[in-house]
Amino acid sequence: MTRTTPITHWIVAASIGVAVLAAGALAVATLQARAEGPDETKIRAPLAVSSAQINMQDRYIIRESYVGRVEPARLTTPSFERAGKVIELLVEEGDQVSEGQTLARMDTQSLLIERSRLEADRASLTADMDFARRTVERREQLVDDGWASRQAFDEAQFSLAGLSARRDSVTAAIARIDLDIEKSVIKAPFSGTVSTREIDEGTVVAAGTPVLSLQETSRPQARIGIPARRAEIVKVGQKIELTYQERAIEGTVAAITRDLQAGTRSIPILIDLPGDVLLTMRQTVRLDLAREIDAKGAWVPLNALREAERGLWSINTVVQTNDGYSIGREAVEVLHVSDQQAFIRGTFADGALFIPVGGHRLSIGQSVHPKNGA
């Protein structure tokens, strides 16, 4: 077994100490070189952002839409004024008819028979009247000659008057029959379109039973309910633009009812529509009315808004600093929203720069370089 001497221990310790000193010297030299060399820390350049300028306004305009429907100016359901059997319907659904055109007929055979009987009664009475008239003339002559009494003459006169009254009654009955025959035919009260047929031939109907429906399609109207406060700006005769199936048509205000509807709390207005445009009855139509609101604020895109605490909103602004520009934030209140734009008011100033889009990717105080608006 080999034994180490004190000299050997001393040599090992000295070697370790020299190694430690050399490592320390190397570390110090490295730190010194880094301190004396150039700074390797990189300074980030400001982020380029799109910006826009806030333009303050004293008021804004909002458009309110109200929906109504197209309807004919006149709509009727013609019917017979007497009971009977319908023997002829001369129109079909969708037919165009003109004023005075015959639409339907009722059986009048019994009326014609009754009229013939009354004509015979009137002829008989006419003959009796001729005989009574001659009797009056003869008795008048006999009275003048002294061969007959005045009473006989008066009786002849009263008999003639009675026959005349009876013939007048029969004549009136014939006129009533003629009127019933005339009313057994339905004629169009105005030009229009047959919308429905309620019955068919052979049906026995009561008086007043609807036979068909007739719409005056040549003069269509729109009926639209608007709030009472908005009805004040609409005048009879005013030209107004409507939207029908995504296209614009111009109408003329025909009437304002001024009768507040209980269900909708609105006032119906009637608007005459152009007759040369093919319109479908009961189709919806929209009326847009502009309203000016006095309020100081500015329009910004909806994408510029950021949700803040407690349901509030804010926008990111571009603030000028000594070193350039940075992101700031202003509290805003949304007054109106229309077509992806919001009219706001808040703590911002007129002419200030704001971030119209992408504000959620920025933080307050971040250095930026506005691309436009600065």
Side-chain angles (χ1 to χ4, degrees), residues 55 57-78 91-101 188-196 212-295 297 299 301-302 335-343:
N55 297 315
Q57 301 178 17
D58 294 328
R59 61 188 58 85
Y60 64 95
I61 296 177
I62 64 175
R63 288 192 170 273
E64 299 172 329
S65 296
Y66 306 100
V67 178
R69 67 178 184 179
V70 178
E71 60 183 33
R74 288 186 288 181
L75 172 65
T76 185
T77 53
V91 292
E92 299 291 341
E93 293 183 0
D95 286 353
Q96 299 288 327
V97 300
S98 57
E99 182 178 354
Q101 179 178 337
F190 49 80
S191 300
T193 303
V194 178
S195 57
T196 60
L212 49 84
S213 296
L214 181 63
Q215 299 177 344
E216 188 184 21
T217 52
S218 61
R219 192 162 63 92
Q221 288 185 329
R223 180 183 295 271
I224 303 176
I226 63 176
R229 58 180 175 81
R230 304 297 287 137
E232 298 175 357
I233 68 172
V234 180
K235 307 298 180 184
V236 174
Q238 175 183 345
K239 297 293 184 181
I240 203 163
E241 186 176 282
L242 303 172
T243 301
Y244 172 81
Q245 292 186 341
E246 305 304 324
R247 59 173 171 165
I249 58 175
E250 187 180 70
T252 304
V253 178
I256 304 174
T257 64
R258 303 295 178 187
D259 183 18
L260 188 65
Q261 302 297 300
T264 60
R265 307 299 296 171
S266 62
I267 291 180
I269 62 173
L270 297 178
I271 303 173
D272 285 336
L273 302 177
D276 56 350
V277 179
L278 183 60
L279 301 174
T280 303
M281 295 300 112
R282 302 187 185 278
Q283 182 64 269
T284 58
V285 63
R286 189 178 76 247
L287 169 64
D288 295 326
L289 293 179
R291 183 157 60 102
E292 196 173 76
I293 305 296
D294 292 330
W299 287 100
L302 285 178
L335 300 180
H336 180 66
V337 175
S338 176
D339 297 331
Q340 300 300 313
Q341 295 282 318
F343 191 83

K.L.:
Measure from the side-chain N and O atoms of Q101 to the backbone N and O of S98, and report whether any donor-acceptor pair falls under 3.5 Å.
P.N.:
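At least one qualifying donor-acceptor pair exists.
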
K.L.:
Going by side chain to side chain contact (heavy atoms under 4.5 Å, CB included), P220 matches just one of Q215, Q283, M281. Which one?
P.N.:
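Testing P220 for a side chain to side chain contact (heavy atoms under 4.5 Å, CB included) against Q215, Q283, M281 leaves exactly one candidate, M281.
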
K.L.:
Distance-only, no hydrogens or angles: does the Q261 side chain make a donor-acceptor pair with backbone N or O of D259 under 3.5 Å?
P.N.:
yes

K.L.:
Nearest 0.5 Å please: distance from the CG atom of L270 over to the OG1 atom of T257.
P.N.:
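Those atoms lie 7.0 Å apart.
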
K.L.:
Has the side chain of Y244 got a donor or acceptor atom that lies under 3.5 Å from a matching backbone atom of T280?
P.N.:
yes

K.L.:
Closest heavy-atom contact between P274 and L279?
P.N.:
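Taking P274 first and L279 second, the nearest heavy atoms are O-CD1, 4.3 Å.
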
K.L.:
F343: which residues meet the ring-ring contact (aromatic ring centres under 6.0 Å, His included) condition with it, sequence neighbours left out?
P.N.:
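ring-ring contact (aromatic ring centres under 6.0 Å, His included) list for F343, sorted by chain: Y60, W299.
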
K.L.:
Once side-chain contact (heavy atoms from CB on, under 4.5 Å) is applied, do any residues pair with S213, and if so which ones, sequence neighbours excluded?
P.N.:
T77, S195, T196, E198

K.L.:
Report yes or no: do S191 and S218 form a side-chain donor-acceptor pair below 3.5 Å?
P.N.:
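S191 vs S218: no donor-acceptor pair found between side chains.
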
K.L.:
Can you list every pair that meets salt bridge (Lys or Arg N to Asp or Glu O under 4.0 Å) and has a residue in residues 231-253, with sequence neighbours left out?
P.N.:
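Matches after skipping sequence neighbours: none remain.
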
K.L.:
If a pair satisfies salt bridge (Lys or Arg N to Asp or Glu O under 4.0 Å) and one of its residues is in residues 263-281, list it, with sequence neighbours excluded.
P.N.:
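For residues 263-281: none.
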
K.L.:
Could you work out, with salt bridge (Lys or Arg N to Asp or Glu O under 4.0 Å) as the rule, every residue matching D294, not counting sequence neighbours?
P.N.:
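Applying salt bridge (Lys or Arg N to Asp or Glu O under 4.0 Å) to D294 gives R59.
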
K.L.:
Atom CZ in F190, atom OG1 in T217: separation rounded to 0.5 Å?
P.N.:
9.5 Å

K.L.:
Between T193 and D95, is there a donor-acceptor pair closer than 3.5 Å when you use the side chain of the first and the backbone of the second?
P.N.:
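No, T193 side chain to D95 backbone: no donor-acceptor pair under 3.5 Å.
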
K.L.:
Using side-chain contact (heavy atoms from CB on, under 4.5 Å) as the criterion, list what pairs up with R291, not counting sequence neighbours.
P.N.:
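Expected list: I62, E64, R229, R230, I293.
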
K.L.:
Working note: I269 + I226, criterion side-chain contact (heavy atoms from CB on, under 4.5 Å); need CA distance, chi angles, decisive distance, verdict.
P.N.:
CA-CA 8 Å; I269 62 173; I226 63 176; 4.2 Å; yes

K.L.:
So I224 and I271, side-chain contact (heavy atoms from CB on, under 4.5 Å) or not? Walk me through it.
P.N.:
CA-CA 8 Å; I224 303 176; I271 303 173; 4.2 Å; yes

K.L.:
Which value, rounded to the nearest 0.5 Å, describes the distance between D339 atom CG and R63 atom CZ?
P.N.:
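The distance works out to 10.0 Å.
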
